[in-house]
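These figures come from a predicted structure and were not determined experimentally.
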Amino acid sequence: MRSFTMNNGLAIPALGYGVFQMSSAEVAEHLPEAIDAGYRHIDTAQMYGNEAGVGRALAAGGLPREEFFVTSKLDNPNHRRPDALSSFERSLEALGLEVLDLFLVHWPLAASPGLSLVETWETMIEILAGGRVRAIGVSNYQAGHLRTVIGATGVTPSVNQIEIHPYLTQTALRSLHRELGVVTESWSPLGRG
C-alpha cells in the first residue's frame, strides 16, 4: 500500500480504516474483514469508546505488530496535563499496545477554563518524549491553531486530520500543510449522507 512520510521520517499508510460510530463489538466483527482486504492503518479515538474492540481485533488477527499502524486521539475532556497523560496510558492498555503509532489532539479546544492549545501541545510533546508513541499530531486544526502551537514550541505536528471531500477541498489549509511539512489526513473523504 502507498504511504506518506511524516516530518519525523515515519511512514503512514495512505489508506486508513476509521472506526468512528462503531461499537467495540462492531469493530471486533468488521475490523478482521478490513485487515483481510489489506487495511493496515486503523484510526480510532478515545471519544469513540471502541479502543478495546480495536485492541481485541488486532490481537485476534495474528499479524505481527510491525504490520499495522494505529492512530488514536486525545478526548476533549482530557486536555489538562495529568488527564492527557493518564488517558494516553488507558488508550495503550485498551488497545493492547506497548507503543502507539500516532496520537492526535482530537479538537483544537481547551475543555477547561484557563487551558491553552499550547499547554495541550506541550503535553503531547512530553508524551512523545516518553517513547510510547512514534508520532504526534492534531485533528481539526486550522491555520491559526497550527501557527500558534508551532510558534510557541518549535514542534510541528506530523499530521493534521481534517474534513476533506469533493465538497470541502480545504485548498488553502492543504497548501499550508505542505509549507510546514504536515501530512494532511482526511476524515470523511467521500462526504456524508
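Using a cut-off of 4.0 Å between Lys/Arg side-chain N and Asp/Glu carboxylate O, Glu119 and Arg80 are scored as not salt-bridged. A salt bridge links Glu89 to Arg132: at least one charged side-chain nitrogen sits closer than 4.0 Å to a carboxylate oxygen.
Between the OG atom of Ser188 and the CD1 atom of Ile164 there is a distance of 10.5 Å, given to the nearest 0.5 Å. In this structure, OH in Tyr141 is found 9.0 Å from OG in Ser139, a value given to the nearest 0.5 Å. In this structure, CD1 in Ile136 is found 5.5 Å from CE in Met124, a value given to the nearest 0.5 Å. Rounding to the nearest 0.5 Å places OG1 of Thr123 at 6.5 Å from CD1 of Ile127. If you take OG1 on Thr156 and CD1 on Ile150, they are separated by 4.0 Å, rounding to the nearest 0.5 Å. One distance of note links CE of Met47 with OG of Ser72; it measures 10.5 Å at 0.5 Å rounding.
Residue Pro166 comes nearest to Pro189 through the heavy atom pair CD-O, 3.5 Å, listed as atom of the first residue, atom of the second, then distance. Residues Asp83 and Pro77 share a closest heavy-atom pair of OD2-O, 4.0 Å. The shortest non-hydrogen separation linking Asn50 to Ser23 is CB-C, 4.1 Å. Nearest heavy-atom pair, Ser87 versus Leu74, reported as atom, atom and distance to 0.1 Å: OG-CD1, 3.4 Å. Summarising the geometry of Met22 relative to Glu26, their closest heavy-atom pair is CA-OE1, 3.3 Å, with the distance given to 0.1 Å. Residues Ser24 and Gly49 share a closest heavy-atom pair of OG-O, 3.7 Å.
Between Phe88 and Leu100, some side-chain heavy-atom pair lies under the 4.5 Å cut-off. With contacts defined as side-chain heavy-atom distances shorter than 4.5 Å, the pair Trp121/His145 does not qualify. You'll find the side chain of Gln142 reaches within 4.5 Å of the side chain of Gln170, heavy atoms only. In this structure the side chain of Arg90 never reaches within 4.5 angstrom of the side chain of Gln46, judged on heavy atoms. Side chains of Val105 and Val149 form no contact here, defined as non-hydrogen atoms less than 4.5 Å apart. Using a 4.5 Å cut-off on side-chain heavy atoms (C-beta onward), Thr153 and Glu122 make contact. Under the 4.5 Å side-chain criterion, counting only non-hydrogen atoms from C-beta, Thr120 is in contact with His79.
Under the 4.5 Å side-chain heavy-atom criterion for Ile, Leu, Val, Met, Phe, Trp and Tyr, Ile125 and Val133 are members of the same hydrophobic cluster. A continuous path of hydrophobic side-chain contacts links Ile162 to Leu176 [ILVMFWY only; heavy atoms under 4.5 Å]. Residues Leu58 and Val99 fall into different hydrophobic clusters, defined by Ile, Leu, Val, Met, Phe, Trp and Tyr side chains chained together at heavy-atom separations under 4.5 Å. Hydrophobic clustering (side-chain heavy atoms under 4.5 Å, transitive across Ile, Leu, Val, Met, Phe, Trp, Tyr) keeps Leu109 apart from Val118. By the criterion of side-chain heavy atoms lying less than 4.5 angstrom apart, applied directly or through intervening Ile, Leu, Val, Met, Phe, Trp or Tyr residues, Met1 is grouped together with Tyr17 in one hydrophobic cluster.
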Quick one: do Glu51 and Thr44 satisfy side-chain hydrogen bond (donor to acceptor under 3.5 Å, both in side chains)? Show the steps, please. CA-CA 6 Å; Glu51 290 173 315; Thr44 187; 5.3 Å; no
From CA spacing to verdict: side-chain contact (heavy atoms from CB on, under 4.5 Å), His177, Glu185: CA-CA 10 Å; His177 288 168; Glu185 186 178 12; over 6 Å; no
Under the side-chain contact (heavy atoms from CB on, under 4.5 Å) criterion, do Thr71 and Ile42 qualify, and how do the steps go? CA-CA 6 Å; Thr71 298; Ile42 312 306; over 6 Å; no
Leu95/Val70 under side-chain contact (heavy atoms from CB on, under 4.5 Å): CA gap, chis, key distance, verdict: CA-CA 9 Å; Leu95 290 163; Val70 180; 4.2 Å; yes
Given side-chain hydrogen bond (donor to acceptor under 3.5 Å, both in side chains), test Asp43 with Trp187 step by step and report yes or no. CA-CA 10 Å; Asp43 181 273; Trp187 60 261; over 6 Å; no
Passes side-chain contact (heavy atoms from CB on, under 4.5 Å), Gln161 versus Ser186? Steps please. CA-CA 6 Å; Gln161 186 183 91; Ser186 171; over 6 Å; no
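Every residue meeting the salt bridge (charged side-chain N to carboxylate O under 4.0 Å, His left out) condition with Asp101, not counting sequence neighbours, appears here in chain and number order: Arg65, Arg134. In this structure Phe68 satisfies the ring-ring contact (aromatic ring centres under 6.0 Å, His included) test with no other residue, sequence neighbours excluded.
No side-chain donor-acceptor contact under 3.5 Å links Arg40 to the backbone of Pro13. Within the 3.5 Å criterion, the main-chain N or O of Pro82 finds a donor-acceptor partner in the side chain of Ser86. Judged by distance alone, with hydrogens and angles left aside, the side-chain atoms of Asn7 form a donor-acceptor pair with the main-chain N or O of Pro157 at under 3.5 Å. Of the possible donor and acceptor atoms, none in the side chain of Asn160 sits under 3.5 Å from a partner among the backbone N and O of Gly137.
Within a 6.0 Å sphere centred on CD of Glu93, other residues, nucleotides and ligands contribute 12 heavy atoms or fewer.
The aromatic rings of Tyr48 and His106 sit perpendicular, their planes meeting at an angle over 60°, well past the 30° parallel limit.
Cluster partners of Met6, using a side-chain heavy-atom cutoff of under 4.5 Å among ILVMFWY residues and allowing indirect links, are Phe4, Leu10, Ile12, Phe69, Leu102, Leu104, Val159, Val183.
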